[in-house]
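Atom set for the values below is all heavy atoms of this structure, side chains included, hydrogens, waters and symmetry mates excluded.
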Amino acid sequence: MVETALPSKDDLAAAGLRLEVEDAVAKITLSRPERRNAMTGRTWTTLAHVGHTLPPSVRIVVVDGEGSTFSSGIDLAMFSPEGVEGETSVLQNIGDDAESRSALDATIAGYQEGFLWLRRPDIVSIAAVRGHAIGAGFQLALACDLRVLADDAQLCMKEPALGLVPDLTGTKPLVDIVGVSRAIELCLTTRTVGAAEARELRLAELVVGGSELDSAVRDLVSALLATSPEAAAATKELLLQAPHNSLEEQIVAERRAQADRLNALARQLGG
């Protein structure tokens, strides 16, 4: 089923989320403070629903966490026989037969959709991180284009310590940012990275005092909105291609994108 409307407040609350949309800015808040904003399968599928149904006027998406923690990661109740209340236990699809593996693959792919859309060229996504961003929380921050950290932020890729792997789209951006060797060290030691080190590793674009986090994000949003939406989307699309393109491929992409922009501007001037 293709969603056409944003999730209801009740659906968002059941997923541990809040959503505010004001003009060109959407703010998604992880809102399970009693569980330190731990996330479940419903959280991720509802994030995907949000991404599929945001108004086209939205240019900036800010993701933050309620209270003093961004997210403690996956709710481990997902791996209990009874599962999370109102959700099917992940253990239901465990099995080595083809049918079970296919069902589990589809389930995880559905979860990943909650992270993938944050990379779309038509939006800029910002993670505003205070306190812990552990496991799935770290991967959600990595799914965003930009990360602004409070100076008390603590990042950790915890999955290997639980006998799991990071499977929510986090391994690719982590390697792209810090390199394979550092990514191996961070993931296999499952150690915590503080805000200062995160900035040194380029895991944070900005680190500010905790009381300054909200204002720093607002300033960043204002600066991003000052650029024309069409030019911003075209430029982000170019930048997303760059790591995978040769120089020759990239300069062709630049020419094509610039031709599109010049034609669009000419139509505006003539129209």
Worksheet item: Quick check: does any side chain N or O of S215 sit under 3.5 Å from a backbone N or O of E212, one acting as donor and the other as acceptor?
Response: yes

Fill in: Connected via hydrophobic side-chain network under 4.5 Å: L186 and L149
yes

Worksheet entry | Heavy-atom pair of closest approach, residues R199 and V207 | NH1-CB, 3.6 Å

Item to complete: State the CD-OG distance between Q268 and S228, to the nearest 0.5 angstrom.
Response: 8.0 Å

Worksheet, complete the sentence: Hits for salt bridge (charged side-chain N to carboxylate O under 4.0 Å, His left out) against R32, two or more places apart or cross-chain, chain-then-number order -> D75

Worksheet item: Which pair of non-hydrogen atoms, one from F79 and one from I74, has the smallest distance, and what is that distance?
Response: CE1-CD1, 3.4 Å

Worksheet item: Got a second to check how far W44's CH2 is from Q112's CD, nearest 0.5 Å?
Response: 10.5 Å

Item to complete: Please tell me if the side chains of I94 and L104 come closer than 4.5 Å, counting only heavy atoms from C-beta onward.
Response: yes

Item to complete: Please check if the side chain of H132 supplies one atom and the backbone of S68 the other of a donor-acceptor pair under 3.5 Å.
Response: no

Worksheet item: Does one hydrophobic cluster hold both V63 and L225, with members joined at side-chain heavy-atom distances below 4.5 Å?
Response: no

Practice prompt. Answer with yes or no whether the hydrophobic clustering places V175 together with L164; edges join I, L, V, M, F, W, Y residues whose side-chain heavy atoms lie under 4.5 Å apart.
Written response: no

Fill in: Distance, nearest 0.5 Å, that separates CZ of R191 from CG of L155
10.5 Å

Fill in: Polar side-chain atom of N37 near backbone of T69 as donor-acceptor pair, under 3.5 Å
yes

Fill in: side chain to side chain contact (heavy atoms under 4.5 Å, CB included) between V252 and E248, intermediate numbers included
CA-CA 6 Å; V252 170; E248 291 76 13; 5.8 Å; no

Item to complete: Taking the side chain as every heavy atom from C-beta outward, state whether L220 and E205 have any atom pair closer than 4.5 Å.
Response: no

Item to complete: Test H244 against E249 for side chain to side chain contact (heavy atoms under 4.5 Å, CB included), laying out the working first.
Response: CA-CA 9 Å; H244 314 289; E249 291 168 334; over 6 Å; no

Item to complete: Quick one: closest heavy-atom pair of T40 and E87, and the distance?
Response: OG1-OE2, 2.6 Å

Worksheet entry | Cluster overlap I108 with L162, hydrophobic side-chain contacts below 4.5 Å | yes

Discussion item. If hydrophobic clusters are built from ILVMFWY residues whose side chains come within less than 4.5 Å, do I60 and W117 share one?
Written reply: no

Discussion item. Using every non-hydrogen atom in the two residues, find where Q154 and G194 come nearest and quote the distance to one decimal.
Written reply: NE2-CA, 4.0 Å

Discussion item. Taking salt bridge (Lys or Arg N to Asp or Glu O under 4.0 Å) as the cut-off, I'd like each qualifying pair that reaches into residues 91-105, sequence neighbours left out, listed once.
Written reply: D96-R101

Worksheet entry | Shortest non-hydrogen separation from G131 to V129 and the atoms involved | O-CG1, 4.2 Å

Worksheet item: Counting distance only, does the side-chain N/O of S102 pair as donor-acceptor with the main-chain N or O of A98 below 3.5 Å?
Response: no

Practice prompt. Mind checking the CG-CZ spacing from L116 to R120? Nearest 0.5 Å is all I need.
Written response: 11.5 Å

Donor-acceptor contacts under 3.5 Å from residues 12-28 side chains, at least two apart:
{"from": "R18", "atom 1": "NH1", "to": "S31", "atom 2": "OG", "distance (Å)": "3.3"}
{"from": "R18", "atom 1": "NH1", "to": "E66", "atom 2": "OE1", "distance (Å)": "2.8"}
{"from": "K27", "atom 1": "NZ", "to": "D64", "atom 2": "OD2", "distance (Å)": "3.3"}

Worksheet, complete the sentence: Result for salt bridge (Lys or Arg N to Asp or Glu O under 4.0 Å) between R130 and one of D214, D152, D151 points to D214

Under 3.5 Å, which donor-acceptor pairs link side chains of residues 133-148 to any protein atom two or more places apart or in another chain?
{"from": "Q139", "atom 1": "OE1", "to": "L168", "atom 2": "N", "distance (Å)": "2.8"}
{"from": "Q139", "atom 1": "OE1", "to": "G170", "atom 2": "N", "distance (Å)": "3.1"}
{"from": "Q139", "atom 1": "NE2", "to": "E159", "atom 2": "OE2", "distance (Å)": "2.8"}
{"from": "D145", "atom 1": "OD1", "to": "K236", "atom 2": "NZ", "distance (Å)": "3.1"}
{"from": "D145", "atom 1": "OD2", "to": "S125", "atom 2": "N", "distance (Å)": "2.9"}
{"from": "D145", "atom 1": "OD2", "to": "S125", "atom 2": "OG", "distance (Å)": "3.2"}
{"from": "D145", "atom 1": "OD2", "to": "K236", "atom 2": "NZ", "distance (Å)": "2.6"}
{"from": "R147", "atom 1": "NE", "to": "L203", "atom 2": "O", "distance (Å)": "2.8"}
{"from": "R147", "atom 1": "NH1", "to": "A141", "atom 2": "O", "distance (Å)": "3.1"}
{"from": "R147", "atom 1": "NH1", "to": "C144", "atom 2": "O", "distance (Å)": "2.8"}

Worksheet item: Checking side chain to side chain contact (heavy atoms under 4.5 Å, CB included) for the pair R42/V84: CA distance, chi angles, key distance, verdict?
Response: CA-CA 9 Å; R42 181 180 291 178; V84 177; over 6 Å; no

Worksheet item: Under the side-chain contact (heavy atoms from CB on, under 4.5 Å) test, which residues partner S222, sequence neighbours left out?
Response: none

Worksheet item: Considering the options V124, I126, L54, which one meets the side chain to side chain contact (heavy atoms under 4.5 Å, CB included) requirement together with V61?
Response: L54

Response to the item:
Smallest heavy-atom separation, P7 atom then T46 atom, equals CG-CG2, 4.1 Å

Response to the item:
To the nearest 0.5 Å, atom CG of L174 lies from atom CE of M157 at 5.0 Å

Practice prompt. Just jot down the side-chain contact (heavy atoms from CB on, under 4.5 Å) partners of S57, sequence neighbours excluded, or say none.
Written response: P55

Worksheet item: To the nearest 0.5 Å, how far apart are CG in L240 and CG in N245?
Response: 11.0 Å

Practice prompt. State whether the number of non-hydrogen atoms from other residues, nucleotides or ligands found under 6.0 Å of E34 atom CD is greater than 12.
Written response: yes

Worksheet entry | Check: Q250 side chain, L238 main-chain N or O, donor-acceptor pair, under 3.5 Å | yes

